[in-house]
Amino acid sequence: MTDAARTDATTGDGPDTDAAARIRDRIDTSRPHPSRVYDALLGGRNHYPVDRAVTLKSLERNPRGYLDVRHNRDFIRRAVLHLTREHGLRQFLDIGTGLPTPPNVHEIARSAAPASRVVYVDHDPVVLAHARALLHGGPEGSTAYLDADLRDPHAILYGARATLDLERPVALGLAAILHFVEAPAAYDIVATLLDALPSGSAVFLTHLTADLNPERLLPGLKATGLNFTLRSREEFLRFFTDNGLEPVEPGVVPVHRWHPDGTWDATVLEPEDVAGQDALEVAARRGIGDVRDEDINIYGAVALKP
Ligand SMILES: C[S@@+](CC[C@H](N)C(=O)[O-])C[C@H]1O[C@@H](n2cnc3c(N)ncnc32)[C@H](O)[C@@H]1O
């Protein structure tokens with residue numbers, strides 16, 4: 001195990017106070033972080049005041065921006081179910097996991113195939129601190145968390161081998177993470193990861209784009225102060241075609257258009273229901289069933305490795 005891919009704080013039997021202290025030392029609450037801003041926008045509780053402040057500003061500029069992230073999560077649910085049910089995938093390598101948000105990938109996969117094995121990867125210490133919660137609820141050794149950086153794909157593959165059999169098909173998940181990596185590194189990383197996986201493996205990707213509704217998206221993103229590399233449809237498609245993969249039907253589409261399964265709730269809130277709540281609390285209580293094309297700025301696609 002290299003320094004770049006540690007599981008130490010999450011897989012030990014008893015409390016590891018040194019590891020916990022090391023995690024705490026890495027947490028920076030003075031500026032917003034992607035995982036925490038995303039958590040705030042999803043209606044989670046694992047972020048800090050600095051994250052909440054910029055996310056509220058972002059929602060002021062793009063009031064329906066929460067639909068991007070909620071539909072991104074729902075794409076993950078449908079993609080994992082599709083791969084589990086239709087293509088028999090039983091191993092998942094989910095890189096850029098984010099803070100726990102039910103249903104998490106291991107919960108989704110196990111709802112269809114209880115023996116599924118999942119490795120989560122993230123480089124954010126707050127995600128790591130919450131990883132213990134993610135690891136509960138499955139057969140021992142079937143879920144692991146790697147404290148690793150996408151920019152070191154070899155360390156990820158090395159660490160994943162402790163839980164996954166890389167001689168057998170693996171579904172690689174890179175949801176809403178590649179827009180934090182510039183080219184050419186992003187393409188090289190995906191190629192390295194896919195090259196290590198056998199035939200029958202799969203990949204599910206999502207990615208922010210300025211192709212769709214930039215007049216809504218860009219002011220909201222700017223308010224977060226985070227840096228994003230937005231990609232066009234062609235640039236997104238290259239993650240597949242450069243590696244000899246063809247996305248399954250319906251191809252590259254805005255995430256809400258990928259095999260919708262009619263499960264979205266369309267909760268409507270009356271003013272009296274939300275009195276005294278801030279925009280993030282209100283967004284968290286809304287359904288996602290009223291989505292329109294002009295709300296969504298994230299492409300999603302799924303492919304199988306021949
Ligand atoms: C927007 S969240 C997406 C979470 C989840 N994949 C989803 O789509 O719901 C992006 C996550 O990627 C992680 N991340 C960003 N850059 C990373 C890197 N270079 N290595 C590992 N994780 C990274 C962040 O810490 C964050 O948790």
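Whatever order the structure lists them in is the order used to number ligands and atoms, beginning at 1.
Looking only at heavy atoms of the protein, atom 15 (C) of ligand 1 is closest to His123 NE2, 3.6 Å. Protein heavy atom at the shortest distance from atom 7 (C) of ligand 1 is Tyr38 OH, 3.2 Å. Looking at atom 11 (C) of ligand 1, its nearest protein heavy atom turns out to be Gly96 O, 3.6 Å. Of all protein heavy atoms, the one lying nearest to atom 19 (N) of ligand 1 is Asp149 OD1, 2.8 Å.
Of all the atoms in ligand 1, the ones that sit under 4.0 Å from a non-hydrogen atom of Gly98 are 4 (C), 27 (O). Residue contact check: Arg73 has heavy atoms under 4.0 Å from atoms 5 (C), 7 (C), 9 (O) of ligand 1.
Of all the heavy atoms of His33, none lies under 4.0 Å from any atom of ligand 1, so neither backbone nor side chain is involved. Contacts between Ile76 and ligand 1 below 4.0 angstrom, taking non-hydrogen atoms only, involve the side chain exclusively. Looking at Thr97 against ligand 1, only its backbone comes within 4.0 Å, counting heavy atoms. Within the 4.0 Å heavy-atom criterion, both parts of Leu150, backbone and side chain, lie near ligand 1.
Ion pairing between Arg257 and Asp293 holds under the 4.0 Å rule for side-chain N and carboxylate O. Using a cut-off of 4.0 Å between Lys/Arg side-chain N and Asp/Glu carboxylate O, Asp295 and Arg64 are scored as salt-bridged.
Side-chain contact annotation: Asn72 with Thr206, donor-acceptor N/O pair under 3.5 Å present. When only modelled atom types and interatomic distance are considered, Arg52 and His47 share a side-chain donor-acceptor pair under 3.5 Å.
Ring planes of Phe180 and Phe228: tilted class, angle from 30 to 60°. Between Phe239 and Tyr187, the ring planes are parallel. Angles under 30° get that label, and only those over 60° would be called perpendicular.
Hydrophobic clustering of Ile, Leu, Val, Met, Phe, Trp and Tyr side chains at less than 4.5 Å, counting indirect connections, unites Leu178 with Leu237. Linking ILVMFWY side-chain heavy atoms closer than 4.5 Å, directly or via other members, places Val274 and Leu56 in two distinct hydrophobic clusters.
At least one test fails for Arg36 against the ring of Tyr48: distance under 6.0 Å to the centre or angle within 45° of the axis.
In terms of polar-atom proximity, Asp94 is not counted as a contact of ligand 1, lacking any N or O under 3.5 Å from an N or O of the ligand. Residue Asn72 has at least one nitrogen or oxygen atom sitting less than 3.5 Å from a nitrogen or oxygen atom of ligand 1, judged on distance alone.
Evaluated by nearest non-hydrogen atom to atom 24 (C) of ligand 1, the leading choice among Val126, Thr101, Asp124, Asp122 is Asp122. Residue nearest to atom 10 (C) of ligand 1, selected from Ala175, Ala176, Ser35: Ala176 (by heavy-atom distance).
Residue contacts with ligand 1 include Ala148, since one or more of its heavy atoms lies under 4.0 Å from the ligand.
Contacts of His256 classified as ring-ring contact (aromatic ring centres under 6.0 Å, His included), with partners at least two apart in sequence or in another chain: none.
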